[in-house]
Protein chains: 2
Amino acid sequence: MVPAPRPTYSVIAKAAGVSEATVSRVLNGDESVHPDRAKRVQDAVDKLGYRKNRVASALASGRSGLIAVVIDDDLSVFSDPFWGTVTSGVSRILSENGIHTVLMVSPVGSIDGGVAHYLKSGEVDGAIFFVLHSDALVNNLKKSGLPMVIAGTPHSSLDIPFVDTDNFGGAYAGTKHLINQGCKKIACITGDIGTTAAKQRLDGYLQAFRETGGIPAKGLICEGDYSLESGMHHARMLLETHPDVDGIFASNDLMAAGAVTVLQDLGRLVPEDVKVVGFDDALIAQTTRPALTTIRQDVVALGEAAGSLMIAQLNGEDVKPIITPTELIIRASA
Amino acid sequence: MVPAPRPTYSVIAKAAGVSEATVSRVLNGDESVHPDRAKRVQDAVDKLGYRKNRVASALASGRSGLIAVVIDDDLSVFSDPFWGTVTSGVSRILSENGIHTVLMVSPVGSIDGGVAHYLKSGEVDGAIFFVLHSDALVNNLKKSGLPMVIAGTPHSSLDIPFVDTDNFGGAYAGTKHLINQGCKKIACITGDIGTTAAKQRLDGYLQAFRETGGIPAKGLICEGDYSLESGMHHARMLLETHPDVDGIFASNDLMAAGAVTVLQDLGRLVPEDVKVVGFDDALIAQTTRPALTTIRQDVVALGEAAGSLMIAQLNGEDVKPIITPTELIIRASA
DNA sequence: ACTACCCGCGAAACCGCTTTCACGAAGTCT
DNA sequence: AGACTTCGTGAAAGCGGTTTCGCGGGTAGT
């Protein structure tokens with residue numbers, strides 16, 4: 001193996017008849033170099049096919065050009081196409097800005113674990129967190145000045161920029177749709193209530209409900225956990241406790257699909273007897289029969305928002321949270 | 001922002017009363033240091049909470065401790081939970097070995113593009129490729145001596161290590177199952193035939209078919225593209241051209257689900273009239289009614305295999321391709 | 001006892017780029 | 001015209017490790 005001998009500053013400098021310092025200035029966009037010399041450098045760079053050694057650059061400047069995407073969980077999360085897609089969005093925006101994405105899939109756990117050390121070690125210029133189970137680490141890291149972005153609304157009100165889908169608005173629109181379709185008794189199957197998204201979606205449901213002047217009857221709100229099984233389970237329970245339920249808003253499509261299956265098995269027609277609305281517009285929303293009416297969130301946009309928030313921070317701009325809009329997708333189930 | 005002042009070799013060396021060279025030796029597991037001194041160094045390291053600066057280390061040693069995972073495509077690929085899961089597996093194995101994963105989602109295109117340059121630049125110690133559309137880049141990179149692993153069987157016979165699922169065996173087992181269930185006229189809906197996996201699965205189908213002594217009738221083999229729509233489309237065509245078809249082997253679950261939907265819409269009972277087998281054991285296999293009989297592949301294992309193949313190469317061992325086994329999962333559809 | 005090795009270890013060069021500092025030339029101000 | 005800035009630039013000192021080289025002392029061979 002004969003590694004191509006990559007030219008270094010000294011070669012460029014010699015070829016252009018300037019000092020290495022000047023080469024550095026030109027390559028880093030320092031305006032103070034005389035245009036003529038800058039051009040000489042640029043020509044030498046082009047001619048020799050020079051590419052900066054990012055490692056050396058990182059060591060000298062203290063900026064690594066790397067952003068960590070930290071997924072505070074084990075494998076399971078990443079198998080969810082949702083996070084894969086978000087990651088793609090992040091990665092695309094970052095690489096457009098010459099920054100690479102390093103992936104850390106690991107339960108973050110303590111503020112003293114491996115991930116924490118890594119993030120503090122200065123090997124990355126920033127970190128983007130997915131599926132944050134606790135705000136402890138982030139809170140701790142904030143003191144170190146590491147630029148961070150959180151995907152999903154954090155539990156506590158940290159002044160760390162985050163991006164999130166308009167969970168509240170989406171849930172509100174979904175529930176409103178059920179009301180407009182004439183549903184009188186609308187249940188809600190929530191997601192894992194330990195997540196902020198599930199809470200926000202519940203709030204959206206409640207808000208729409210409240211505007212009808214009513215209050216959800218006891219038992220119409222079921223605490224699910226985003227799984228197919230919990231959708232099935234709660235649909236079954238609902239039919240027992242509230243046989244007259246005529247609308248279900250589920251906090252994601254998977255639970256909605258589970259609910260539809262159970263409803264049908266128990267002889268209810270969807271949407272004739274019971275209308276169902278999901279959330280996410282996941283693939284399953286299209287494959288379920290009847291296809292699910294659902295709330296679409298633009299997942300790629302979410303990732304891109306996270307990426308651009310990070311870029312903005314690296315540029316020293318101060319940033320505000322970004323909430324991406326949702327869209328009601330009407331299909332057959334409601 | 002007050003970055004914690006991280007200790008350096010000079011501090012450790014002073015504290016332990018040895019030279020920096022010795023510190024380096026100890027930290028890199030050089031056996032030639034006297035145990036007593038090694039211990040002194042280790043104690044100092046522990047006491048001061050020293051952590052090596054990977055960037056400096058990378059510059060000096062030429063090893064970055066980074067492995068690139070290159071996905072030769074745009075966002076769409078990563079929305080497929082399959083690759084997300086594989087990536088998790090890779091990432092886990094690598095991080096257990098102190099190596100980080102940098103993610104590059106980008107159409108690789110020419111052997112002269114940004115990704116290619118990056119890989120050649122020595123900033124990563126190796127590269128793992130997913131969804132390789134062409135062998136050109138890999139072939140070119142091979143000359144540079146960069147350790148590589150390909151996920152999925154490459155198109156041409158490169159002597160680059162790869163990992164793959166036993167596509168042939170899985171398809172064979174699936175088709176065989178249909179035969180054993182009494183199917184006489186078994187169709188195959190292939191995946192995008194530009195992928196090696198689709199070809200291998202088709203071969204497995206053909207092999208099982210051949211063993212029955214027959215030859216698939218003209219038109220029983222339909223070229224799909226892994227999408228739900230193509231599954232639906234080809235099921236529709238099949239019912240027209242071969243109304244007596246009684247078994248369908250689809251190259252993935254999504255197409256199988258599409259086929260099931262169409263079959264039912266057109267009045268066929270699954271599995272009574274037509275039995276259907278999918279491939280992947282994706283989530284949709286469980287949510288489809290009837291639930292799909294399918295070929296499960298161990299996706300995490302695939303990722304871990306890719307990771308360990310990379311580690312082995314970095315250790316200078318020579319490696320062989322790894323084919324992970326599949327498993328027939330019998331549900332309701334066949 | 002004398003030369004020949006081997007071993008453990010420190011000094012110092014080096015990896016390739018960034019950044020401070022100071023210097024000379026040119027421009028500005030009294 | 002002399003003193004003071006400003007501007008463009010190069011020399012050189014890092015950044016924090018790794019690795020080569022060679023030295024001194026102990027062991028071995030004869």
Side-chain angles (χ1 to χ4, degrees), chain A residues 3-42 44-45 48-66 98 117-118 120-125, chain B residues 3-42 44-45 48-66 98 117-118 120-125:
Chain A
R6 299 218 295 153
T8 67
Y9 269 16
S10 88
V11 177
I12 303 295
K14 211 156 292 174
V18 301
S19 73
E20 296 186 24
T22 297
V23 175
S24 176
R25 291 188 182 105
V26 172
L27 265 47
N28 291 311
D30 186 325
E31 298 289 330
S32 70
V33 177
H34 189 98
D36 290 356
R37 310 186 127 238
K39 178 159 187 342
R40 293 224 308 274
V41 171
Q42 195 55 57
V45 165
L48 279 64
Y50 174 81
R51 316 208 87 227
K52 190 144 74 177
N53 179 325
R54 296 171 63 114
V55 176
S57 168
L59 175 59
S61 69
R63 275 172 267 111
S64 65
L66 257 33
H117 269 300
Y118 182 69
K120 284 186 204 161
S121 73
E123 292 170 50
V124 293
D125 296 342
Chain B
R6 300 216 297 154
T8 67
Y9 268 16
S10 88
V11 177
I12 302 294
K14 212 155 290 174
V18 301
S19 72
E20 297 186 23
T22 297
V23 175
S24 176
R25 290 189 183 104
V26 172
L27 264 48
N28 291 312
D30 187 325
E31 298 288 333
S32 70
V33 177
H34 188 97
D36 289 357
R37 313 187 127 238
K39 178 157 188 345
R40 294 224 307 274
V41 171
Q42 195 57 56
V45 165
L48 280 64
Y50 174 80
R51 315 206 91 225
K52 190 145 72 177
N53 178 324
R54 296 171 63 114
V55 176
S57 170
L59 176 59
S61 70
R63 275 171 269 109
S64 66
L66 257 33
H117 269 301
Y118 182 70
K120 283 187 205 163
S121 72
E123 291 169 52
V124 294
D125 296 343

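Being a predicted model, the structure only gives us computed values, none of them experimental. Chain naming here is simple, since letters A, B, ... match the order of the sequence lines and numbering starts at 1 in each.
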Using a 4.0 Å heavy-atom cut-off, does B/Thr22 contact any base of the nucleic acid, only the sugar-phosphate backbone, or nothing at all? sugar-phosphate
Hey, does B/Ser24 reach any base, or is it just sugar-phosphate, or nothing, if we go heavy atoms under 4.0 Å? base
Which nucleotide, D/dG10, C/dG16, D/dG16, lies nearest any side-chain atom of A/Val18? D/dG10
To check you understand the geometry: which heavy-atom pair defines the closest contact between B/Ala44 and B/Ala15, and what is its length? CB-CB, 4.1 Å
In whole angstrom, what separates B/Lys52's NZ from D/dC15's C1'? 16 Å
Can you see if the side chain of A/Arg37 gets near the phosphate of D/dG8 - specifically, an N or O under 4.0 Å from OP1 or OP2? no
To the nearest Å, give me how far apart NZ (A/Lys14) and C1' (D/dA11) are. 15 Å
Looking at D/dG16, I'd like to know if its phosphate oxygens (OP1 or OP2) sit under 4.0 Å from a side-chain N or O belonging to B/Thr8. no
Take atom CZ of B/Arg63 and atom C1' of D/dT18, then tell me their distance rounded to the nearest Å. 9 Å
Between the CZ atom in A/Arg25 and the NE2 atom in A/His34, the distance rounded to the nearest 0.5 Å is 15.0 Å
Which part of the nucleic acid, if any, lies within contact of A/Arg54, taking any heavy atom under 4.0 Å across all strands shown: a base, the sugar-phosphate backbone alone, or nothing? nothing
Remember a base hit wins even if backbone is also touched, and classify A/Val23 as base, sugar-phosphate or nothing at under 4.0 Å, heavy atoms. nothing
Is B/Tyr50 close enough to D/dG17 that one of its side-chain N or O atoms is under 4.0 Å from OP1 or OP2 there? yes
Checking all strands, does B/Val55 fall into the base, sugar-phosphate, or nothing category for heavy-atom contacts under 4.0 angstrom? nothing
So if I take every side-chain heavy atom of A/Ala21 and compare against D/dG17, D/dA12, C/dG10, which nucleotide ends up nearest? D/dA12
Rounded distance (Å) that lies between atom P of D/dG14 and atom CG of B/Asn53: 18 Å
Confirm from the modelled atom types if B/Arg25 and C/dG10 form a donor-acceptor pair under 3.5 Å, side chain to base only. yes
Whole-Å distance separating the OH atom of A/Tyr9 from the P atom of D/dA13: 20 Å
Tell me: CD of B/Glu20 to C1' of C/dA13, nearest whole Å? 13 Å
Taking all atoms of both residues into account, what is the closest heavy-atom pair of A/Gln42 and A/Val26, and its distance? OE1-CG1, 4.3 Å
Candidates C/dT18, D/dG17, D/dG16 - which lies nearest the side chain of A/Ser57: C/dT18
Whole angstrom value for the distance that separates C1' of C/dC9 from NE2 of B/His34: 12 Å
Is there a side-chain contact between B/Tyr118 and A/Arg51 in this structure, where contact means two heavy atoms from C-beta onward sitting under 4.5 Å apart? no
Show the nearest heavy-atom pair for residues A/Leu48 and A/Pro7, with the distance to one decimal. O-CG, 3.8 Å
Rounded off to whole Å, could you give me the CD-to-P distance for the B/Glu31 and C/dC7 pair? 14 Å
